[in-house]
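Basis for what follows: all heavy atoms, side chains included, without hydrogens, waters or symmetry-related copies. In this chain, residues are counted from 1 in sequence order.
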Amino acid sequence: MKDDTGYSMLRNPRCYKGTAFTQEEREKYGLLGMLPDKIETIETQITRVQEQLDNLEKPLNKYIYLMQLLETNETLFFKAITSEPAKFLPLVYTPTVGLACQRMGHIARRPRGLYISIDQKDHIKDILRNWPEKDIRFSVVTDGGRILGLGDLGINGMGISIGKLILYSSCGGVPPEHTLPIVLDVGTNNEEFLNDPLYPGLNRKRIRGKEFDDFIAAFVEAMYEVFPKICIQWEDFTGVDAIRILNTYRDKVCTFNDDIQGTAAIATAGFISISRLMKKSFVDQRFLFMGAGAAAFGIADMLLKKFIKDGLTREEALKQIWMFDINGLLVKSRTDLAEHQLQFAHDAEPSDSFAEAILKIKPTAIVGVSTVGGAFNSQVIENMSAVNERPIIFPYSNPTTHSECTAEQAYTWSKGKAIFASGSPFAPVHYKGKTFTPGQGNNVFIFPALGMAIFATEAKRVTDEMLLTAAEAVAQQVTLKDFEKGLIYPNVNNILNVSMLVAEKVAEYIFDNGLASVEKPNNIRDFIKSKMYVPCYNTNF
């Protein structure tokens, strides 16, 4: 970096400070005259960012502005995000990132990350070596097959990989120079994109089957040869592909799927919080899922592990978990079930009515992972209220338009009895003189802290037990005072403190179970803290 002077320094987002360059730095690096004469603090610069952002009305325009800031001044970008997470996170990730992905070919500025097409299968290692950073520890990888609840967005899914890694750094402390967003281009079945001259990906139908699996295998092999300490997070693959890829590689390399395991962990954290704060045993919970795909399977499997950890046998635990999909209740008499669904099929009468199934099963909680907006209608909520004093309503599908119900609907139809959490954010609801604060089961409480623990310990694998440990650590930080306000998750503005404790607990598990590649320190918290990225201007170039 010492050879960087003058104009070139103003084009390097990692060392750029703008008006915060000191007088000494301006003289030393030939910056005199290239900046306004006034020297400002980073806090003043954040004030300007806030004002410029507030002048923009559309969330998509705010997203574009913030992505340009990331490409211009990386430190200021992350400092702004961490200054007010509740304001910035919805702009750089859900729900705005979904719209950004849909429009990516039209709003594209400077490319960020690596784009690897299936036509480049024999050159993946060369492509990876083109990346300027050589010690990559985290990569969020997508093929754009199922972006949020928006379907096949092809190469435009890169926005998700970029957004997730922003959260790793801003909410978990993983240094951004050790992260790499990647999109695997295997085509798209999205007709709108195939007919759009501005779509930047392969103009062909999506490749499936053995050719797809061979491409994934070549990619994984190349990744761990070029970046031997890397952890791959798979993101937004279609459900069947997601489960197959995870099961193929989870015991071979350091990898996980946030859609399956991260969503499962944050949902489980919510149920642990509710049980603890209502002074009820977790094993008394009974769950009914709307949707039986990869996300439902991930949550159910995590709940299964928690039930068993808390004393139930596997057979007893399975009796507490029910699922409902487009063809009705999962029962043993059905012949259309996928292999991963069979263990959750019950010896019971078929039912094609979710509302009626509630009255028969009497679940304490319903979980929406169907991406069908409005699936939790008034009859569903009323039936849940009839069989529970405090019905637990979790519409987890993203984005907001795909949520199974809104917070207002849940509170109104339950006459204020519901305990509510969703995948997307909802504003506070006023009902009969009382204000309810909807919970948001945001994976941001899980994967960035998990990532920090993996980064610090150089973990060899990612296990479900690590994610369950993270879930328990998140739940531990919800207070009775929070619960009285309707909150079952910590305040997102406290995300860095939450992540520190979660990372500490996960790191402790990693060390105690022989999964670390470094020696266990005397003080794990201090060890984690020493590894965390803190956005502040560098004084040593």
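The aromatic ring centroids of Phe256 and Phe447 lie 6.0 Å or more from each other. Aromatic ring centres of Phe282 and Phe307: separated by under 6.0 Å.
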Margin query: As a quick check of understanding, evaluate side chain to side chain contact (heavy atoms under 4.5 Å, CB included) for Leu318 and Arg314, giving each step before the final call.
Written below: CA-CA 6 Å; Leu318 284 169; Arg314 181 178 178 83; 4.2 Å; yes
Margin query: Determine whether Arg137 and Glu458 satisfy the following criterion, salt bridge (charged side-chain N to carboxylate O under 4.0 Å, His left out), listing intermediate values before the conclusion.
Written below: CA-CA 9 Å; Arg137 302 291 191 85; Glu458 298 183 18; 3.7 Å; yes
Next item on the list: Check the pair Arg244 / Asp213 against salt bridge (charged side-chain N to carboxylate O under 4.0 Å, His left out), numbers first and verdict last.
Entry: CA-CA 9 Å; Arg244 187 178 66 257; Asp213 289 342; 2.8 Å; yes
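Comment: Arg129 engages Glu225 in a salt bridge, judged by a side-chain N to carboxylate O separation of less than 4.0 angstrom. Using a 4.0 Å cut-off between charged side-chain N and carboxylate O, Lys79 and Glu74 make no salt bridge. In summary, Asp526 and Lys529 do not engage in a salt bridge, as defined by a charged side-chain N under 4.0 Å from a carboxylate O. We find that Lys164 and Glu235 are joined by a salt bridge, their nearest charged nitrogen and carboxylate oxygen being less than 4.0 Å apart. Salt bridge present: Glu472 and Lys309 bring a charged side-chain N and a carboxylate O closer than 4.0 Å.
Annotation: ring-ring contact (aromatic ring centres under 6.0 Å, His included) contacts involving residues 451-493, sequence neighbours excluded, comprise His178-Phe455.
Using a 3.5 Å distance cut-off with no hydrogens or angles, the side chains of Gln285 and Lys280 do not pair a donor with an acceptor.
Without hydrogens or angle criteria, Asn388 side chain to Arg390 main chain gives no donor-acceptor distance under 3.5 Å. With hydrogens and angles ignored, the 3.5 Å screen pairs no side-chain donor or acceptor of Glu221 with any backbone N or O of Ala218.
Scanning for ring pair (Phe, Tyr, Trp, His ring centres under 6.0 Å) contacts around Phe297 gives His340, with sequence neighbours left out.
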